[in-house]
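First the proteins, then the strands, lettered A, B, ... as listed; each starts at 1. Side chains are part of it too, since the values below use all heavy atoms of this structure and drop only hydrogens, waters and symmetry mates.
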There are 2 protein chains.
Amino acid sequence: MTKDFFSITELSDELGVSARALRFYEDKGLVTPQRAGTTRVYTRRDRARLILILRGKRLGFTLREVKEWLDLYDTDPDQIEQMSRLHNILHRKIVALELQRDDLEETLREMRAMDAQVMEHLRGKGANGSRPDAACAAPRTNGTRTKGVN
Amino acid sequence: MTKDFFSITELSDELGVSARALRFYEDKGLVTPQRAGTTRVYTRRDRARLILILRGKRLGFTLREVKEWLDLYDTDPDQIEQMSRLHNILHRKIVALELQRDDLEETLREMRAMDAQVMEHLRGKGANGSRPDAACAAPRTNGTRTKGVN
DNA sequence: AACTTGCTTGACGTATACGTCAAGTAAAAA
DNA sequence: TTTTTACTTGACGTATACGTCAAGCAAGTT
């Protein structure tokens, strides 16, 4: 039995963001939960949108940009005129995302190469060479991180 | 004959950012060009760092984060103690980047699937089906875009 | 000498994305 | 009924990443 509706705290807990953030997203028109009286009631569809929003944020997009392509999902499939434009937009977004992916993989290559150099130095001069997670404190002071690698 | 030195405007023109941005990066300690009197003189190394900075930004990292891993490049290779920590840090960054890449490719898959659906609708109902770049105005009002797909 | 060009350093303004109170309401628990 | 719990809407504060003047200097041009 999967739930149909969610409170703001249920979702903020599950998604790892503050309730304030969810209200902010609503303010900006990225989600529009219904109300039971004054209290927000999120559907599974709202939840799905929020997951997309957070992924967009992790990829470095602004909320405005995320909203733009969330709106694409809601385009009426019977408006042929709009669908042609939608295809253009999608095509351009895809190209841009592919460029970003290439950026990312180039960076990954460089990091790995650098790591290899480091390992070589360690092997040459002595001391421990493997177990990258050992003896690593990992402070985690900031509880509300979205992005960032330390 | 490749140039050895660059003025701030040469670099800002080449890299597509404002001179103000380059001064800002210096303020934040991401680059430290030398001076001829008061005037900034950028070396090829400074230029290389700036390229890394801009790539980091495109990937959605903050300047602080970019600075952190730029500083890694400057770690003294003879400090074995530091090198072991460096290996840890690199390892974690690599893992995080791989996660981000997975996010990105998931998004790409969804966009392509959506585009396929759109194409199907277009084929079913009539009108033109290919040539995604045709009849597309592409305003380009904002000259200083870094990120964003329209 | 006067002027333009290119650069400099502040100082202030702005958009984004929330965090952090403050004050109030509505429903459930004691 | 009183209290607690969960939620609500402002209002204000904050960090990031610059843009935008303003005012000034230094060197080359007319």
Practice task
Taking the side chain as every heavy atom from C-beta outward, state whether Leu70(A) and Leu30(A) have any atom pair closer than 4.5 Å.
Solution key: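 When only atoms from C-beta onward are counted, Leu30(A) and Leu70(A) do touch, with a gap below 4.5 Å.
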Handout entry: Residue pair Trp69(A) / Ile89(A), side-chain heavy-atom distance below 4.5 Å
Key =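 Sidechains of Ile89(A) and Trp69(A): no contact.
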I'd like a list of close polar pairs between nucleotides 4-8 of chain C and the protein, N/O only, cut-off under 3.5 Å.
| unit_1 | atom_1 | unit_2 | atom_2 | d |
| --- | --- | --- | --- | --- |
| dC7(C) | OP1 | Ser7(B) | OG | 3.4 |
| dC7(C) | OP1 | Thr9(B) | OG1 | 2.6 |
| dC7(C) | OP2 | Thr9(B) | OG1 | 2.8 |
| dT8(C) | OP1 | Arg40(B) | N | 2.7 |
| dT8(C) | OP1 | Arg40(B) | NE | 2.7 |
| dT8(C) | OP2 | Arg23(B) | NE | 3.2 |
| dT8(C) | OP2 | Arg23(B) | NH2 | 3.1 |

Handout entry: Test item: Asp46(B) side-chain N/O and Thr43(B) main-chain N/O as donor-acceptor pair under 3.5 Å
Key =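 Checked: pair present.
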Handout entry: Rounded interatomic separation in angstrom, taking CD from Glu26(A) and P from dC7(D)
Key =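 Answer to the nearest Å: 14 Å.
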Handout entry: Euclidean distance, atom CG of residue Leu22(A) to atom P of dC18(C) [Å, nearest integer]
Key =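 About 10 Å, once rounded to whole Å.
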Less than 4.0 angstrom from a charged side-chain N to a carboxylate O is my criterion; do [X] and [Y] meet it?
X	Y	value
Arg35(B)	Glu26(B)	yes
Glu98(A)	Arg112(B)	yes
Asp27(B)	Arg23(B)	no
Glu110(B)	Arg55(A)	yes

Problem - Common cluster, Met111(A)/Ile51(B), ILVMFWY with side-chain heavy-atom separation under 4.5 Å - result: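 As far as the 4.5 Å side-chain criterion goes, Ile51(B) and Met111(A) are connected within one cluster.
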Name the pairs: protein N/O against N/O of nucleotides 11-17 of chain D, kept only if under 3.5 Å.
| unit_1 | atom_1 | unit_2 | atom_2 | d |
| --- | --- | --- | --- | --- |
| dT16(D) | OP1 | Arg64(B) | NE | 3.2 |
| dT16(D) | OP1 | Arg64(B) | NH2 | 2.9 |
| dA17(D) | OP1 | Leu63(B) | N | 2.5 |
| dA17(D) | OP2 | Leu63(B) | N | 3.4 |
| dA17(D) | O3' | Lys57(B) | NZ | 3.4 |

